[in-house]
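Worksheet: the structure to be examined is printed underneath.
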Amino acid sequence: MQIFLATEKGVYELIPTGGAHRICCPDLEIVDVTPFEGHLYVCSPRLGLFEVGGGRLKRLASTPCWRLVRLGDSLVASMDGPMLVDALSGTKVAEFPEDAERLGWRFLKGPAHITDLARFKDLYVASVEEGSLLAGGDLRRLRPTRFWGDLHALLPDRERLYISTSTGIYYTSDLERFNMGRGPTGYTHAVVRCGGYLATHEMSTRPLWVSVDGVMWRNLPIDLPRPEYGTTNLACAGSKAIYAVRQVYVIDIARLMVEKLASGLPLVLRVSVL
C-alpha cells in the first residue's frame, strides 16, 4: 500500500512510520497522482498531464488536468473541455463541449471539467463541476442524466452510487431517482468507504461525517484542520481514514482515535491510497 499526497508544491509519499517525503515536481501544483505500469502520472490544473520517470517530467498533454482514474486496464485523465484523455499516450478519448454549452456547465476558474469517473453496474458514470451527472455504456457515449449540481466525487458501493456535492451526499440505485443523505448539508468533496463505514468531509473544524447505511450520517466529534475549497482531503487505508490538509492524520473511526503522521506540508489537494 502506498499513500500519495498531491499538493500545491509537488507530490509527497507518506512514510508508514511517520513523516512524508517529496518525490516529484516541487514547482508544480498537483491535483492528482497515480502510479501505473511502472510510471507515475500527475495532473496539474495549470500545466497539464505529465509522466514521471527517472526523476524527469515528460509532458503528455498541456491542457489543464484535474483527475486521474484507473478504469480496467486503462488510466484516464480528465481535462478542460470537458475532455477525457488516455493518460499513457495523451490521445483524446471523448470530449463534451457541445453538452457543456447547451446545458450551461460552468466552473468559476475556467472551462467545465469532469471531476470523477467510475463504473456503476454496467455503465460508466462521470460527474461535472458544475453540471450534469453523465452515464453511458462507454466513455464516448456518456450522456447527461437528470441529476445536476456542483458534483465532486463518485463512489459505487454495493447497489448504490454515492455522489459528493456542494450541498451534501446523494445516492441512487438506478440513475433515475436521487435522494439526499441525512447528514452534511454543506460543501463535501469526497465520499469513500473505510471498512464498515462510508465517510466524507465537510468544510468545518469537525469535518468528518460517517454512515453505516449511506442514508443516516453522523458528525464525528473530532477537531481537525478545516479543508479548503476544491481539496479532496480524505481517503481510506483499510478500515482507517487518512485525512490531510497541511498535516496528515490516521483516524480509527470505530474507536474515535487519532494519530498525527506528518506535518508542515504544502496544502494537500488530494489524498490517494493505492
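Only heavy atoms go into these numbers, but all of them, side chains included; no hydrogens, no water, no symmetry mates.
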| request: Please check if any side-chain donor atom of Ser164 sits under 3.5 Å from a side-chain acceptor atom of His152, or the reverse. | output: no
| How about Tyr12 and His21: are their ring centroids closer than 6.0 Å? | no
| message | Centroid separation under 6.0 Å, is that true for the rings of Tyr170 and Phe178? | response | no
| Are His39 and Leu88 side-chain neighbours, meaning at least one heavy-atom pair lies under 4.5 Å? | no
| query | If we only count heavy atoms from C-beta on, is the Trp217 to Thr200 side-chain gap below 4.5 Å? | reply | yes
| message | Counting C-beta onward and ignoring hydrogens, is there a side-chain heavy-atom pair between Leu267 and Glu228 closer than 4.5 Å? | response | yes
| Should Arg46 and Glu29 count as an ion pair when the cut-off is N to O under 4.0 Å? | yes
| Tell me, do Thr188 and Ile169 make a side-chain contact under 4.5 Å, heavy atoms counted? | yes
| Would Ser132 and Trp105 count as having a side-chain donor-acceptor pair, cut-off 3.5 Å? | yes
| message | Looking at Thr115 and Leu151, would you say the former's side chain and the latter's main chain have a donor-acceptor pair under 3.5 Å? | response | yes
| field | Polar contact flag, side-chain donor to acceptor under 3.5 angstrom, Arg160-Tyr171 | value | no
| field | With sequence neighbours excluded, residues passing side-chain hydrogen bond (donor to acceptor under 3.5 Å, both in side chains) with Arg119 | value | none
